[in-house]
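Worksheet: one structure, shown below.
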Amino acid sequence: MALTLYNTQTRKKQPFEPLDELSVGMYVCGPTVYDLAHIGNARPIVVFDVLYRLLRSIYGADCVKYVRNITDVDDKINAAAKESGEPISAITARTTEAFHADIAELNALPPDVEPRATDHIAEMVEIIEALIASEHAYEKDGHVLFHVPSDPGYGKLSHRDRDEMVAGARVEVAPYKRDPADFVLWKPSAEDLPGWDSKWGRGRPGWHIECSAMSRKHLGVTVDIHGGGADLIFPHHENEVAQSECSCPGHDFVRHWVHNGFLSVNGEKMSKSLGNFITIRQALEGAPGEVLRLMMLSTHYRKPLDWTDDGVEQARTRLDRLYRILAKADGLSEARQVAKSLDGDKFSNAILDDLNTPLALSELERRADDLSKMSAQELQQSLPGFLANADLLGILQKEPEAWFKGGEAESDVGQIEAQIALRLAARKAKDFAAADNIRDALAENGIILEDRPDGSTDWRRAG
RNA sequence: GGCCGGGUGGCAGAGUGGCUCAUGCGGAGGACUGCAAAUCCUUUUAUGCCGGUUCGAUUCCGGCCCCGGCCUCCA
């Protein structure tokens, strides 16, 4: 079975066929680094990480190039700097670092290239100049604008026509626009704001041009996959298409548009004003990154995902169960070394069918049941494939021991074991009240005891 | 208003023109345990509404209702 992906532009599931199987390109819109990333930002990170892992599995790790940008010039960054007084460079550096740390916890592989907008001003200017030369763009009052009516294909991604957009526009039309739908490629910058000298005066890029420039620079004029959140379809991606294709006629900008659905929190849109804004960092305080990741993957990527505490707890319980089964398996680390490719099983078919991670996950869980009933020999056979599938989803990446006991300091472990020994002695003496006291005290500190049939006692951290 | 997505059991969430409609979480009962925890066994419940097509629709078509998103801040 071959990979099929839903293409936003055609509104259909389509076989994914890269232009060149030896060089598969994927561009995903990365964060604007003005504040900590939130769990809504985390969804595309996780979704496209799965797609990246899948593409690497199909075409080979060396034949896939994943580019995810960092937007480090933006009005929101300027506003944040003005408000806090912190220099822009400090904000972007600090936020970028935090972003990397946060998504690493989600088991997201780093992209092959992570370009920064400010390193690509020359490439942006080049595209803008080409657009002016071909009369798709014009300069007015220090602004350079893309003239939407000059692009007959405009709207083909988001399936809107210009008149509808203009009619629905909530924003006052700026006087320098020839057409209400025109959008900014370059705008003047005051002395106290980031700016670059250009033939149109000192200025900075508009919102959309960076992705056109960085995509072309690192992946060529046509990219196989361009992804991001569904809210980016319009205007961001529509405008990218216009800029890119009008500045390089005869070439499609993107072969396959992939967009993930929106994330809500307790049924409501996440927003600062509603007070339900959850950063990845906050979410990580309540649950390991792998739990958050599983939560993300337990709903199909194109569907809305509602973030709830209950959902997080369910994801945790599911993961606990899988790790428990792994904990009982011998030869885990050896099995992890065995390379496995997609082999036409139910799991592979599910993930190849437009990234049906919920279905793939259910198959993984069903097979985990099988594993728990296998002989050592059968396990040796089946474990590598199971783990390879888990790798594709980016889960079960820890050792079971670390999963259940990680995060405890050495001295605490000694303490716990001492308490367990005391309790064992009490139980032997049939002093169950004392034994239960010890267990309760540990439980209050988040340590759960499990008595084994052989008389020993194991422990784990509670969620 | 325009465009897009969604409405499945107590919850999360897939698939499917008909066979007992996955998987997980939870609930119930049982086994195990001093009691728990974990595990194992058993078990409970669903396709928003109204029509149409069909021998038969949750699945296809039409209409309606409801929810969410986008319409140049937004993953």
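What you are looking at is a predicted structure, and each value in this text was computed from that prediction instead of being measured. The chains referred to below are lettered A, B, ... by the order of the sequence lines, with proteins before strands, and numbering in each begins at 1.
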Test your reading of the model: is there a side-chain donor-acceptor pair from Asp224(A) to the backbone of Met26(A), 3.5 Å cut-off? no

When the distance from CG of Leu355(A) to P of A14(B) is rounded to whole Å, what number comes out? 13 Å

Taking atom P of G68(B) as reference, at what distance in whole Å does atom CG of Asn260(A) sit? 20 Å

Watson-Crick or G-U wobble partner for C60(B), using a 3.5 Å limit on both distances? G52(B)

Nearest-Å distance, NE2 (His159(A)) to P (C70(B))? 19 Å

Counting side-chain heavy atoms from C-beta on, which of C25(B), G34(B), A37(B) comes nearest to Thr317(A)? C25(B)

Does Arg439(A) make a side-chain donor-acceptor contact with the base of C35(B), cut-off 3.5 Å? yes

Are His259(A) and His237(A) close enough that their ring centres sit under 6.0 Å apart? yes

Using a cut-off of 4.0 Å on non-hydrogen atoms, how would the nucleic acid contact of Thr299(A) be classed: base, sugar-phosphate, or nothing? sugar-phosphate

Under 4.0 Å, heavy atoms only, any strand: does Glu365(A) hit a base, just the sugar-phosphate, or nothing? sugar-phosphate

Does this structure show an ion pair linking Asp112(A) with Lys65(A), if we count only N-O contacts that are shorter than 4.0 Å? no

Determine whether Arg255(A) and Asn7(A) satisfy the following criterion, side chain to side chain donor-acceptor pair (under 3.5 Å), listing intermediate values before the conclusion. CA-CA 9 Å; Arg255(A) 292 165 60 78; Asn7(A) 185 347; over 6 Å; no

To the nearest Å, how far apart are Tyr34(A) OH and C73(B) C1'? 8 Å

Quick one: label Leu263(A) by what it contacts on the DNA or RNA (base, sugar-phosphate, nothing), any heavy atom closer than 4.0 Å. base

Assign His300(A) to base, sugar-phosphate, or nothing according to its heavy-atom contacts below 4.0 angstrom with the strands shown. sugar-phosphate

Quick one: look up who U43(B) pairs with, Watson-Crick or G-U, both distances under 3.5 Å, and put none if it's unpaired. G27(B)

Taken to the nearest whole Å, NE2/His236(A) to P/C73(B) is 13 Å

Under 4.0 angstrom, heavy atoms only, what part of the nucleic acid is Arg367(A) near: base, sugar-phosphate, or nothing? nothing

C40(B) OP1/OP2 closer than 4.0 Å to side-chain N/O of Lys373(A): no

Searching all strands shown, indicate the nucleotide that pairs with G5(B) (Watson-Crick or G-U wobble; both distances under 3.5 Å). C67(B)

Quick one: does Gln314(A) reach the base of C11(B) with a side-chain donor-acceptor pair under 3.5 Å? yes

Under the criteria of a ring-centre distance below 5.5 Å and an interplanar angle below 30°, is Phe432(A) stacked with the base of G34(B)? yes

C35(B) base to Asp451(A) side chain: any donor-acceptor pair below 3.5 Å? yes

Provide, to the nearest angstrom, the distance between the CH2 atom belonging to Trp257(A) and the C1' atom belonging to C4(B). 16 Å

Integer-rounded Å distance: U23(B) P and Leu322(A) CG: 14 Å

For a quick test of reading the model: is some side-chain N or O of Arg366(A) closer than 4.0 Å to OP1 or OP2 of A22(B)? no

Considering only heavy atoms and no angle criterion, is a donor-acceptor pair shorter than 3.5 Å present between the side chain of Arg324(A) and the base of A38(B)? no

Using a 4.0 Å heavy-atom cut-off, does Arg427(A) contact any base of the nucleic acid, only the sugar-phosphate backbone, or nothing at all? base

To the nearest Å, how far apart are Leu51(A) CG and A75(B) P? 20 Å

Is a side-chain donor or acceptor of Glu245(A) paired with a backbone partner of Phe253(A) at a separation under 3.5 angstrom? yes

Here's a test of your reading of the structure: between Gly267(A) and Pro235(A), which maps to the more 5' nucleotide of RNA chain B? Gly267(A)

Using a cut-off of less than 4.0 Å, is there contact between a side-chain N or O of Ser158(A) and OP1 or OP2 of C3(B)? no

Evaluate Lys12(A) against Asp354(A) for salt bridge (Lys or Arg N to Asp or Glu O under 4.0 Å), listing each step before the verdict. CA-CA 10 Å; Lys12(A) 280 191 208 112; Asp354(A) 195 27; over 6 Å; no

Ignoring backbone atoms, test whether Trp459(A) places a side-chain nitrogen or oxygen under 4.0 Å from the OP1 or OP2 oxygen of A37(B). no

OP1 or OP2 of A38(B) versus the side-chain N and O atoms of Arg452(A): is any pair under 4.0 Å? no

Residue-phosphate contact under 4.0 Å: Lys346(A) side-chain N/O, A22(B) OP1/OP2: no

Relative to the 5' end of RNA chain B, which residue comes earlier, Lys430(A) or Thr32(A), by the nucleotide with the nearest heavy atom? Lys430(A)

Between His120(A) and His218(A), is the ring centre distance below 6.0 Å? yes

Given the C1' atoms of C32(B) and A38(B), what is the spacing between them in whole Å? 11 Å

Is any side-chain nitrogen or oxygen of Lys269(A) closer than 4.0 Å to OP1 or OP2 of C70(B)? yes

Just call it for Gly228(A): base, sugar-phosphate, or nothing, with non-hydrogen atoms closer than 4.0 Å on any strand. sugar-phosphate

Does the G34(B) base have a donor-acceptor partner in the side chain of Asp436(A) within less than 3.5 Å? yes

Just compare A37(B), C25(B), U23(B) and give me whichever is closest to any side-chain atom of Ser362(A). U23(B)

Which value, in whole Å, describes the distance between the C1' atoms of nucleotides A12(B) and G27(B)? 15 Å

For G15(B), does OP1 or OP2 lie under 4.0 Å from any side-chain N or O of Asn356(A)? yes

Of the candidates A14(B), U72(B), G24(B), the side chain of Phe183(A) sits closest to U72(B)

For Lys76(A), answer base if it contacts any base atom (sugar-phosphate contacts may also be present), sugar-phosphate if it contacts only those atoms, and nothing otherwise; contact means non-hydrogen atoms under 4.0 Å. sugar-phosphate

Just to verify, which of Asp431(A), Asn437(A), Asp451(A), Asp436(A) counts as forming a side chain to side chain donor-acceptor pair (under 3.5 Å) with Arg423(A)? Asp451(A)

Which part of the nucleic acid does Asp35(A) contact within heavy-atom distance under 4.0 Å: base, sugar-phosphate only, or nothing? nothing

Verify the contact: side-chain N or O of Arg302(A) to OP1 or OP2 of G5(B), cut-off strictly under 4.0 Å; return yes or no. no

I'd like the C1' distance from G69(B) over to G62(B), given in whole Å. 25 Å

Donor-acceptor pair, side chain of Asp179(A) and main chain of Ala181(A), under 3.5 angstrom: yes

When all nucleic acid strands are considered with a 4.0 Å heavy-atom cut-off, which category describes Leu449(A): base, sugar-phosphate, or nothing? base

